[in-house]
Amino acid sequence: MSERTEQQLGDVIPRPASVRPVTDASFTITGSTAVSAPPSLGDVAAHLNLPAAADGAIRLGLDEALPAEAYRLEITAAGVSLLGGSAQGVFWGVQTLRQFGTVLPGGVIEDRPRYAYRGAMLDIARHFFTPDEIKAHIDLLVQFKINHLHLHLTDDQGWRLEIPGWPRLTDVSGGPGTGVDGAGPGFLTCAEYVDVVEYAAARFVTIVPEIDMPGHVNAVHVAYPELTADGQPVVPRTDAEVGYSSLVAGKEETYAFVETVLKTVADLTPGPYLHIGGDECLSTPPEDYRTFLARVLPIPARFGKTVIGWHEIATADLPEDAVVQYWRIEAADEAVARAAATGHRVIVSPADRTYLDMKYDAGTRLGLDWAGHVSVERAYDWDPAERLPGVGEEAILGVEAPLWSETLRSVDDVRHLTFPRLPAVAEVAWSPRESRDWQSFRARLAAFGPRWEAAGVSFHRSPEIDWH
């Protein structure tokens, strides 16, 4: 447990749905404090870093009357009761408990998420991050109740997942000289990928794998020129340009390749989603784009998966369960609104609010600025249900904060751009709109400065926050 004191019951991130403090009661964790939990909760109690006992003063349990991700936390002078609708709900309650110090403020928290999908994305195609680095990232994300990690596995500059039968994808396009500025190499073997997926699942995080297509495929063409339009070799690209590559919609070899790749990824991924990209296909003629998607969008369903694509896929005919992920900065998008009107769910990721690779301000040493500067307040002070006309609350599956890696070269770089903005997006995705308040958030966020410093997390000390 952390060593923070003098907190109020609601001084956590994301802000809980309901907080009823009891100011004259608190519970102090001592060296003899233990936690008890039924076997059905698995290793959830271990995340409190307290000894286990049959009659611990901190008691974890299940309440089937609660929704799966909901929890009820009651703190009295005699002890702590934490009940969840499932093990996942208890786990989120544990994350709330972990944000308190050894003195737990008294009262009752009743909490549940606003959106089912609360995501972050990590681009390991343009700069590779190792399995251990991805796991460490997951551990930081779950503190803020993020429950999906979208891994961008392929792009023009690199291919980062082993595909049996297609060895040059990783031998060549995951090898030395890949990535933006040639800062590779690296890729996940099937076994390493499965290990990451299982590590995430143990923390109630669903991995969402993305194989970007039909654009962003220069790495494919470098490895296998026979998949190009003319069968000729292609020069590797390590710049950050987009929109120049495309799979060939008129070749059957294309679809044999795509089906093999997607089946491999589906077999390795127990989660419900496969992301097929579909963005920035500037060199793909519109008719070819529609032809390609007509063949590819139904493939994930054959493997028991729900297909997700960047919002450009909404210009094509969508399978009934397809999910659209909006990423641009425009105030409206007619195709996305049409998709929502016909029952398709939307993940909201507007770049001017959620893209963690945007610079905080003009002086930020990392990141890009094509979507403008994204300060902590800008990442916080918006509402997903008001972002796109025609895409209201009922259409939104959730919110995701992508982190593209063109300018990243280290874990410290990842953390510098992720924190403190990720907690802002996490609160947008979890907390009720009416409970969110910027001044309250910035005060609660300030308390994380010492914790991040103690953990060696290289966060951005935004001047918007009065760091403790």
Side-chain angles (χ1 to χ4, degrees), residues 10 13-19 67 69-70 111-121 144-148 150 279 308-315 318 322-360 369-403 420-445 462 464:
I13 298 174
R15 197 172 196 173
S18 171
V19 177
E69 287 198 278
D111 202 8
R112 66 182 65 189
R114 179 179 179 184
Y115 296 120
Y117 187 110
R118 305 174 305 281
M121 191 212 79
F144 302 102
K145 303 182 176 66
I146 294 297
N147 67 347
H148 290 78
H150 170 182
D279 62 316
I308 302 177
W310 300 108
H311 70 262
E312 287 94 327
I313 70 167
T315 61
L318 298 175
V323 176
V324 176
Q325 184 168 3
Y326 182 77
W327 64 273
R328 287 289 302 173
I329 63 175
E330 285 75 18
D333 189 286
E334 292 183 3
V336 176
R338 284 197 304 271
T342 54
H344 293 281
R345 305 297 297 278
V346 179
I347 297 170
V348 186
S349 300
D352 57 336
R353 298 289 188 171
T354 70
Y355 267 35
L356 302 177
D357 56 299
M358 292 299 109
K359 293 176 177 289
Y360 291 92
D369 58 7
W370 64 263
H373 299 146
V374 179
S375 66
V376 181
E377 184 174 8
R378 188 159 180 78
Y380 183 82
D381 196 15
W382 67 289
D383 189 67
E386 298 173 359
R387 180 59 179 79
L388 284 173
V391 183
E393 186 78 8
E394 70 287 346
I396 296 174
L397 179 62
V399 179
E400 181 179 289
L403 177 58
R421 287 183 293 195
L422 185 280
V425 179
E427 184 153 308
V428 169
W430 177 280
S431 303
R433 178 68 182 96
E434 62 273 12
S435 76
R436 292 199 293 114
D437 173 77
W438 164 245
Q439 293 302 329
S440 166
F441 175 77
R442 63 189 292 270
R444 286 177 282 126
L445 185 61
S462 168
E464 301 167 272

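Note: hydrogens, waters and symmetry copies are ignored here, and every other heavy atom, side chains too, is used. None of these values were measured; they are calculated from a predicted model.
By the 4.0 Å N-to-carboxylate-O rule, R436 lies close enough to D383 to be salt-bridged with it. Remark: R444 engages E427 in a salt bridge, criterion side-chain N to carboxylate O under 4.0 Å. Between D279 and R328 no salt bridge is recorded (no basic side-chain N to carboxylate O distance below 4.0 Å).
A donor atom on one side chain and an acceptor atom on the other are not found under 3.5 Å apart for E400 and Y326. For E377 and S375, the side-chain atoms include no donor-acceptor pair closer than 3.5 Å.
Taking both residues in full, the closest heavy atoms of H344 and T342 are given as CD2-OG1, 3.3 Å, listed atom of the first, atom of the second, then distance. Minimum interatomic distance between A379 and V425 (heavy atoms only, all atoms of both residues): O-CG2, 4.1 Å. Pairing each heavy atom of A351 with each of I329, the nearest pair is CB-CG2, 3.9 Å. Looking at every heavy atom in both residues, V346 comes nearest to A340 through CG2-CB, 4.4 Å. Nearest heavy-atom pair, V376 versus A424, reported as atom, atom and distance to 0.1 Å: O-CB, 4.1 Å. The two residues R353 and D381 have their closest heavy-atom pair at NH1-O, 3.3 Å.
Interatomic distance, T315 OG1 to E334 CD, rounded to the nearest 0.5 Å: 12.5 Å. With values rounded to the nearest 0.5 angstrom, R345 atom CZ is found 14.0 Å from Q325 atom CD. Of the inter-residue distances, the one linking Y117 atom OH with I146 atom CD1 reads 9.5 Å to the nearest 0.5 angstrom. Residue H311 holds its NE2 atom at 8.5 Å from CG of L388, rounded to the nearest 0.5 Å. Note that NE2 of H150 is 7.5 Å distant from CD1 of I308, once rounded to the nearest 0.5 Å. Summarising the geometry, atom CE belonging to M358 is positioned 7.5 Å from atom CG belonging to D369; distances are rounded to the nearest 0.5 Å.
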Apply the test side chain to side chain contact (heavy atoms under 4.5 Å, CB included) to residues R442 and Y380: give CA-CA distance (whole Å), side-chain angles for both, the deciding distance (0.1 Å), then the verdict. CA-CA 10 Å; R442 63 189 292 270; Y380 183 82; over 6 Å; no
Audit row: V374, Y355, side chain to side chain contact (heavy atoms under 4.5 Å, CB included) steps and yes/no: CA-CA 8 Å; V374 179; Y355 267 35; 5.6 Å; no
Begin from the C-alpha positions of L318 and V324 and carry the test side chain to side chain contact (heavy atoms under 4.5 Å, CB included) through to its verdict. CA-CA 9 Å; L318 298 175; V324 176; 3.9 Å; yes
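Using a 30° and 60° split on the angle between ring planes, W370 and W327 fall in the perpendicular class, above 60°.
When atom types are taken as modelled, the side chain of S431 and the backbone of R15 share a donor-acceptor pair closer than 3.5 angstrom. With D352 contributing its side chain and A371 its backbone, the two residues share no donor-acceptor pair below 3.5 Å.
A salt bridge (Lys or Arg N to Asp or Glu O under 4.0 Å) with E69 is found for exactly one of R118, K145, R112, R114, namely R118.
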